[in-house]
Structure formats: structure tokens, C-alpha cells
J.: 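If you scroll down you'll find the structure; I have some questions about it.
None of these values were measured; they are calculated from a predicted model. Residue numbers begin at 1 in each chain, while the letters A, B, ... track the order of the sequences.
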Number of protein chains: 2
Amino acid sequence: MEATQDTQGRVEAAQSVPGHGGPRSAGTRRAILDAARSAFAAQGYDRATIRSIAATAGVDASMVMRYFESKAGLFAAVATADVPVLDLAAVPPDRRGEALVRHLIERWEAPASGDELMLLLRTAVTSGEVATQLQAVLAKLIVGPIAATGAADADVRGALVQSQLLGVALCRYVLRQEPLASLPIEHVVASIAPSVQRYLDTP
Amino acid sequence: MEATQDTQGRVEAAQSVPGHGGPRSAGTRRAILDAARSAFAAQGYDRATIRSIAATAGVDASMVMRYFESKAGLFAAVATADVPVLDLAAVPPDRRGEALVRHLIERWEAPASGDELMLLLRTAVTSGEVATQLQAVLAKLIVGPIAATGAADADVRGALVQSQLLGVALCRYVLRQEPLASLPIEHVVASIAPSVQRYLDTP
DNA sequence: AGGTAATGTCAACGCGCGTTGGCTAACGGA
DNA sequence: TCCGTTAGCCAACGCGCGTTGACATTACCT
């Protein structure tokens, strides 16, 4: 019996987007998306709940279902991970290791893309489907640029670089293991870069 | 890790196995433990269910609660990860990187300890408590041996070695990313060892 | 053999989850 | 103005989970 006066932010409701069930209100949609990204990043897919995401977004849980079809649909909508790609060929060959490390760390430190990488990694370890999705992102982010430099065995080199870069991300950002988690960025870059450089160079 | 709670003044059984807090039948206990290790390793803590573990072990779900106090208790019982430690000081200094990589890979390839590391890692990414536990295991397994060689900055070196070794394990065994997952062991050792060696050597 | 405690079975409880459908209120075009 | 569409709220459903306690069964120790 209570009049809900939220009459604000409904101005932008005019757009209708392609395909199947489009967004209803851009503001609400974005609020849900933001809450979901944080929740999935912080807790992983299983422990994050639709109800708590909805509460954070300030809407009812059923709204989440109307906007995105299911919990899986919400995750898919938030797990796009369209991170900027590094043009490795434009970097001097002896600096490519450092460039890769720095680029990856910057992706993880940036709040938005860091959350997307976090939720992807946190969920990939228990979901084969998401693991495939993560591999696709890493292929675009790491193997692609390496292959674009014309290196031989780009797939194996990429896999080795991935293992080191994902390892750093896992220890530093997901597990938050000391002392790695508190090491200054430049220290990390200086320590790791030579290894990555070696994976790029050795035949 | 919980104190023993006796509802009816029950005492430790007669035919008990040494040490632990109150097994009933050694055979059933072991069956549950084996099933739990497999399930937690394959699916992680959240997705593994007491009911399915009990079914695999051929007992009722309530038996699991009688033997171990709760799901958390069962996990704790199976997540001991008492892996053999490498005596790094006995290895020639220029071969210590290779020795570390090979030792870790052998732990992961061995069925029993591989499962324990797997369930630890799969669960650590979404549980701070288990993350701490994993860190303790890795400290014993990696940082400890490195410190035992008398190296300076053993903690930072250990963290860097950990990042590389955990990265390989993550990509190869948990995410099962190709081509790393199918690479022969010797190929992996030969590729990774120099990086680890460098983390041990560089000042 | 008999009594007692260790083992195991069964059915249920309570909870929180994802999900559904029906309802109210506001907008917008005619 | 009225009416259809749209955005949002509320109550509930069904399910599977961890967990519990009462009951049946086995095995051991005098």
C-alpha cells in the first residue's frame, strides 16, 4: 500500500535493443550488471546469489530474471571481458616481455577489467565451460599478440607465457599471497619480465 | 577442526586407527575419505555434495556426519596435503630450478597427492580460509626448501617461484589448457626450469 | 548366552536457493 | 481521456542441500 516514488532515471527507457529480450530500463540494467560483476568477482559463481546481487542493485530478485534470463545468463552478460589488446609488434623485440607483463598487470589493477578477469578466473577453476571462455580471452590477450609478431611456435610460447602471467595473477590478486600481493608493480614487472622474455626468445 | 562433541558420552572406539579423533570402522572411514577426495578434487568444495560422496562410498549420507562432524570437517580431514618435501640443499645449485619443477610436477601427476593439491587449489580461489591453508602447504613445499639453502630474500624468491609453479599447475591440471596440458613432462621441465633457476639466482 | 555399545538405515526437518506468475503503478500514443 | 505497454514488487513454489534423531542391526565382552 505504499507509493513507490522512484520516478527518476526512466528517461532513457526509449531504446530497444536487437534480438531477443532486450533491456527494460538502462539504469536498472546497469545497476544489476555492476552489482553482479562485483559479486561474481568477489565470491565466484556458486557463492554469489541472485538475491544479494538484486539487493545491492536496489531491485527485487525477480527483476534480475526479467532482465537476464537466469543466473547463467547474468553471468554471461557480465563475463564478456572485452579487454584492450596489446600491439606487441610495435614494441622493440627485447622489450616485449616487459610490455606483456606490464599490460597484464594493468588489466588486473584496473577496477572494471580487473573484476572481469577475477570472476572469470574464480569461476573457471570449477566450470569447464567458463574455463574455455577464459582460454579464449587469454588467447586474444596473450597468444594473439605473440602470434602477430610472427614468432615460431607461438602456441607453445603463448602457453608458457600464460602460465607465468596467470600464476602471478592467481597469487597476487586471487589468493592475495604475501609478499607478492604487496610488492610494488615495478618490482613485479622487473622480476617477471625476463622470464616472459625468455619464453618469447628461446628456440 | 572442531572440538569433539559428545552427545551421549561416546568414547573412542576399540579398533580405532591411531591419532585421529574417533573413527568407527576403518574401512568405511577410508571409503568416505577416498570418495570425498575425488569429489572435492573434481568439483571443488561447493559443488561436491555430501550425498553424492556418500553414494560413491556406498554408505548413507548421515554416516558421513557421524564420522566427520560436518562437510567442513570432512574437507579438513581430506585436505591435509602432507606431501613429501624436497631437500634442495642436497641438489647442485645450478640444478635446483629443474629439481623444483620436476618435484612439483611429480606431486601433481601422482594420483593421491595430485588430488589433494587439486582440491586445495580449486577451493582456495573462493575461500580465504583454504587459501591460507594452501599458502601453508606451498610454504612448506617451496619457500621452506629455498630458505633451507640459505638464500637471501628467500620469501620473495619463493613467491616468484610459487607464481610460476602454481601457474603451470593451474593451466595444465586445473584448466587443462592446450597445448600445455598435453606437453610431455620433460618438455615442460626443460621450458620452465630456467625461469625458476633465475628466480633463485638473480640478486 | 545375554546385554551393551558400536555401526548402520531411514525418514524427515529447516533453510536458502533459483525461479515463476500475478499483481500494481506509471508512462505514452490515440 | 482511455488503454495498452512497460517497469517493478510481492508471495510463493519446488528443489536439493546439510543436518538431525529415532530406529534396526551387528559384534564384542564377560
J.: Mind calculating the distance between CZ (A:R51) and C1' (C:dC15) to the nearest angstrom?
T.: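 So the two atoms are 11 Å apart, to the nearest Å.
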
J.: Inspect the contact between B:R172 and B:E109 and indicate whether a charged nitrogen and a carboxylate oxygen are less than 4.0 angstrom apart.
T.: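 Salt bridge between B:E109 and B:R172, a charged N being under 4.0 Å from a carboxylate O: yes.
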
J.: Identify which nucleotide among C:dT19, D:dT19, D:dC9 has an atom closest to any side-chain atom of A:V59, counting heavy atoms from C-beta outward.
T.: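 Given the options C:dT19, D:dT19, D:dC9, the side chain of A:V59 is closest to D:dC9.
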
J.: Taking only N and O in the side chain of A:T28, is any of them less than 4.0 Å away from OP1 or OP2 of D:dG8?
T.: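 It does, given that an N or O in the side chain of A:T28 lies less than 4.0 Å from OP1 or OP2 of D:dG8.
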
J.: Report the distance from atom CZ of B:R66 to atom C1' of C:dT9, rounded to the nearest whole Å.
T.: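 Rounded to the whole Å, the gap is 10 Å.
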
J.: On a heavy-atom basis, which atom in A:T149 and which in A:R96 lie closest, and how many Å separate them?
T.: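 Closest approach of A:T149 to A:R96, heavy atoms only: CB-NH1, 3.7 Å.
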
J.: Compare the minimum distances between each of C:dG21, D:dG18, C:dT9 and the side chain of B:S62, then state the nucleotide with the smallest one.
T.: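 Looking only at heavy atoms from C-beta outward on B:S62, the closest nucleotide is C:dT9.
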
J.: Rounded off to whole Å, could you give me the CZ-to-P distance for the B:F75 and D:dG18 pair?
T.: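 Answer to the nearest Å: 14 Å.
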
J.: Give the nucleotide from the list D:dC9, C:dT19, D:dT19 with an atom nearest to the side chain of A:D60.
T.: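 The nucleotide sitting nearest to the side chain is D:dC9.
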
J.: Is a donor on one side and an acceptor on the other found under 3.5 Å between the side chain of B:R122 and the backbone of A:V125?
T.: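 Present.
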
J.: Grab the CD-C1' distance between A:E69 and C:dT20 for me, whole Å please.
T.: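 Between C1' of C:dT20 and CD of A:E69: 13 Å.
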
J.: Classify B:A48 by what it touches in the nucleic acid, base, sugar-phosphate, or nothing, heavy-atom distance under 4.0 Å.
T.: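 The residue B:A48 makes sugar-phosphate contact but no base contact.
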
J.: Whole-Å distance between C:dG8 P and B:M63 CE?
T.: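 Roughly 6 Å, once rounded to whole Å.
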
J.: Assess the side chains of A:Q164 and B:S163: does a donor N or O sit below 3.5 Å from an acceptor N or O?
T.: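 A donor-acceptor contact under 3.5 Å links the two side chains.
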
J.: Calculate the interatomic distance between B:R29 atom CZ and C:dG8 atom C1'; express it in whole Å.
T.: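 So the two atoms are 17 Å apart, to the nearest Å.
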
J.: Please determine if a side-chain N or O atom of B:Y67 lies less than 4.0 Å away from the OP1 or OP2 oxygen of C:dG8.
T.: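 Indeed, a polar side-chain atom of B:Y67 lies that close.
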
J.: Rounded to whole angstroms, how far apart are CZ on A:R47 and C1' on C:dG18?
T.: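 Rounded to whole Å, this separation is 18 Å.
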
J.: Whole angstroms only, please: what is the CD1-P distance between A:I50 and D:dC10?
T.: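 Distance, rounded to whole Å: 18 Å.
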
J.: How about B:S195 and A:Y199: does a side-chain donor come under 3.5 Å of a side-chain acceptor?
T.: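 The answer is yes; a qualifying pair exists.
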
J.: Heavy atoms under 4.0 Å, any strand shown: does B:S70 hit a base, just sugar-phosphate, or nothing?
T.: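 Sugar-phosphate only.
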
